[in-house]
Amino acid sequence: MQPNPTSRVGRVLHQVKRYVGPVPELPEVETVRRQLEPLVVGARITTCETHPSPRFSDAVLAAGNRIHRVNRRGKYLLVGLHAVPTTDVLPTRELVIHLGMTGGVNIATSPPDDPYVRACWSLDDGRYMVFRDVRRFGRLAVVATGDYSSLPTLHRLGPEPFDPSLDGSAFHSALTASRRHVKTSLLSQRPIAGVGNIYADEALWRARISPSARRVGRERATRLLANIRKVLGEAIANDGTTLRDYRTPDGETGRNQSHLDCYGRGGQPCRLCGTKLATRQLDQRTTTWCPSCQAR
DNA sequence: ACTGTAACCTGCAGGC
DNA sequence: TGCCTGCAGGTTACAG
């Protein structure tokens, strides 16, 4: 549907669209994982075609393997592969899928005719697993299981947010290991895995911590961890936040976008205190926060 | 070892 | 109408 700015409905659509923008973070990747796994486990990859970029071309190495499971670490999908014929109990290689900004995975019953398809794996049951990524910020790699040395961020990825061994004290130690702005530290994936721009703003707003703080005490770190878990957990329950291009493998959109309190609300009143939310670039990332609730 | 920054990439919106 | 510019942002290479 083309929004028509001259009609009332068109204006509304037009305004909504301004707040829409894709970003697969942990909840969106987890939603993809949950929907993809039952669709592909047990299937054997027969052939593969990819975009020529080295970001994607390694995907051909998945051909000839059977899909054993679909895991996730942070924002990375880890597709466990068995060599065929299967001799080992554990998968020997993994297909690593990073959705970047606009990536998505879906299952098709015929070869896709789409200029934005970056990889297409044909399965032995006649279906196709398709990776589509308009902006090509995504990444595909086939590695020995657990060997992430070719993917620096995954290699040095912080703990999963819901790892029970991650407590406020450990999170505080990880945060204080860096002198960067606390939000920038979160986005580095080092203190904790899977937080991107949307949920960083949301969690900092809920925890009432300034994104530009450089020192966060143990009590505030504990509060931040609790709120990261809340915003990620709620987003997973809502099947993710749907922004411009993100779709689940079912072709559905998530429902979390209507639950955002901070991201995308610059200039609008804070839902806690009514102060106008501020937006500016912080270390090259658009950041929205409440100058009153999140004062330094 | 750490920090900050430009680059990668494309569609879209806004200005003129 | 259409061209031009800026913006969105996860990751990585690189300079300091």
Side-chain angles (χ1 to χ4, degrees), chain A residues 1-6 10-29 32 50-58 72-77 96-104 114-119 131-141 143 148-158 174-202 211-212 214-215 232 240-247 257 260 262-267 279-288:
Chain A
M1 181 192 302
Q2 292 299 315
N4 175 1
T6 61
R11 266 200 312 277
V12 172
L13 287 173
H14 203 70
Q15 286 163 5
V16 168
K17 221 178 167 190
R18 291 197 73 246
Y19 295 104
V20 170
V23 189
E25 303 182 29
L26 185 147
E28 292 71 39
V29 179
V32 172
T50 76
H51 184 277
S53 162
R55 300 178 80 96
F56 309 116
S57 53
D58 276 5
R72 179 193 56 74
R73 271 284 279 138
K75 304 172 191 173
Y76 296 82
L77 284 171
V96 181
I97 301 177
H98 194 287
L99 301 179
M101 306 271 301
T102 56
D114 180 335
Y116 301 119
V117 167
R118 307 309 182 190
F131 179 72
R132 181 180 191 271
D133 181 14
V134 171
R135 292 183 56 191
R136 291 198 260 149
F137 272 36
R139 172 80 190 268
L140 304 172
V143 302
Y148 306 129
S149 51
S150 63
L151 300 141
T153 301
L154 177 57
H155 189 57
R156 307 176 60 175
L157 193 63
L175 274 185
T176 54
S178 165
R179 312 290 282 184
R180 311 175 87 175
H181 298 121
V182 61
K183 178 181 173 182
T184 306
S185 183
L186 288 178
L187 295 183
S188 76
Q189 310 298 302
R190 289 278 284 160
I192 193 166
V195 177
N197 206 39
I198 296 174
Y199 299 116
D201 278 4
E202 291 297 309
S212 60
R214 290 190 188 266
R215 301 181 69 89
L232 295 180
T241 298
T242 292
L243 303 167
R244 195 172 296 139
D245 293 307
Y246 168 75
R247 291 290 184 282
Q257 54 275 17
L260 301 179
C262 185
Y263 176 89
R265 296 194 64 245
T279 296
R280 74 170 175 92
Q281 295 287 120
L282 177 68
D283 296 332
Q284 301 181 311
R285 289 293 165 253
T286 299
T287 299
T288 300

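Just so it is clear, the model here is predicted, and its values are computed rather than measured. Below, chains carry the letters A, B, ... as their sequence lines are ordered, and counting in each starts from 1.
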Think [X] has a side-chain N or O under 4.0 angstrom from the OP1 or OP2 of [N]?
X      : N      : value
A:Y76  : C:dT11 : yes
A:T153 : C:dT11 : no
A:H98  : C:dG10 : no
A:T102 : B:dC9  : no
A:Y263 : C:dA8  : no

Please tell me which of the listed nucleotides, [options], lies nearest to the side chain of [X]?
X      : options              : value
A:L151 : C:dA8, C:dT12, B:dG4 : C:dT12
A:R179 : C:dT11, B:dT3, B:dC9 : B:dT3
A:P152 : B:dT5, C:dT12, B:dA7 : C:dT12

Say whether, by atom type as modelled, one donor and one acceptor occur between the side chain of [X] and the main chain of [Y] under 3.5 angstrom.
X      : Y      : value
A:Q189 : A:L154 : no
A:H51  : A:S53  : yes
A:T288 : A:R265 : no

**Message:** Taking the cut-offs as 6.0 angstrom to the six-membered ring centre and 45 degrees off its axis, would you call A:R73 and A:Y76 a cation-pi pair?
**Reply:** no
Heavy atoms under 4.0 Å, any strand shown: does [X] hit a base, just sugar-phosphate, or nothing?
X      : result
A:R190 : nothing
A:T184 : nothing
A:Q284 : base
A:R136 : sugar-phosphate

**Message:** Base of B:dT10, side chain of A:R118 - is there a donor-acceptor contact under 3.5 Å?
**Reply:** no
**Message:** Between the base of C:dG10 and the side chain of A:R139, is one N or O donor paired with an acceptor at under 3.5 angstrom?
**Reply:** no
To the nearest Å, give me how far apart [atom1] ([X]) and [atom2] ([N]) are.
X      : N      : atom1 : atom2 : value
A:R214 : B:dT3  : CZ    : C1'   : 9 Å
A:D283 : B:dA6  : CG    : C1'   : 14 Å
A:F137 : C:dG10 : CZ    : C1'   : 8 Å
A:M101 : B:dC8  : CE    : P     : 16 Å
A:R285 : B:dA6  : CZ    : P     : 12 Å
A:Y148 : C:dT11 : OH    : P     : 15 Å
A:R156 : B:dT3  : CZ    : P     : 11 Å
A:D133 : B:dC8  : CG    : P     : 16 Å

**Message:** Please determine whether a side-chain nitrogen of the Lys or Arg among A:D114 and A:R132 lies less than 4.0 Å from a carboxylate oxygen of the Asp or Glu.
**Reply:** yes
**Message:** Counting C-beta onward and ignoring hydrogens, is there a side-chain heavy-atom pair between A:L157 and A:Y148 closer than 4.5 Å?
**Reply:** no
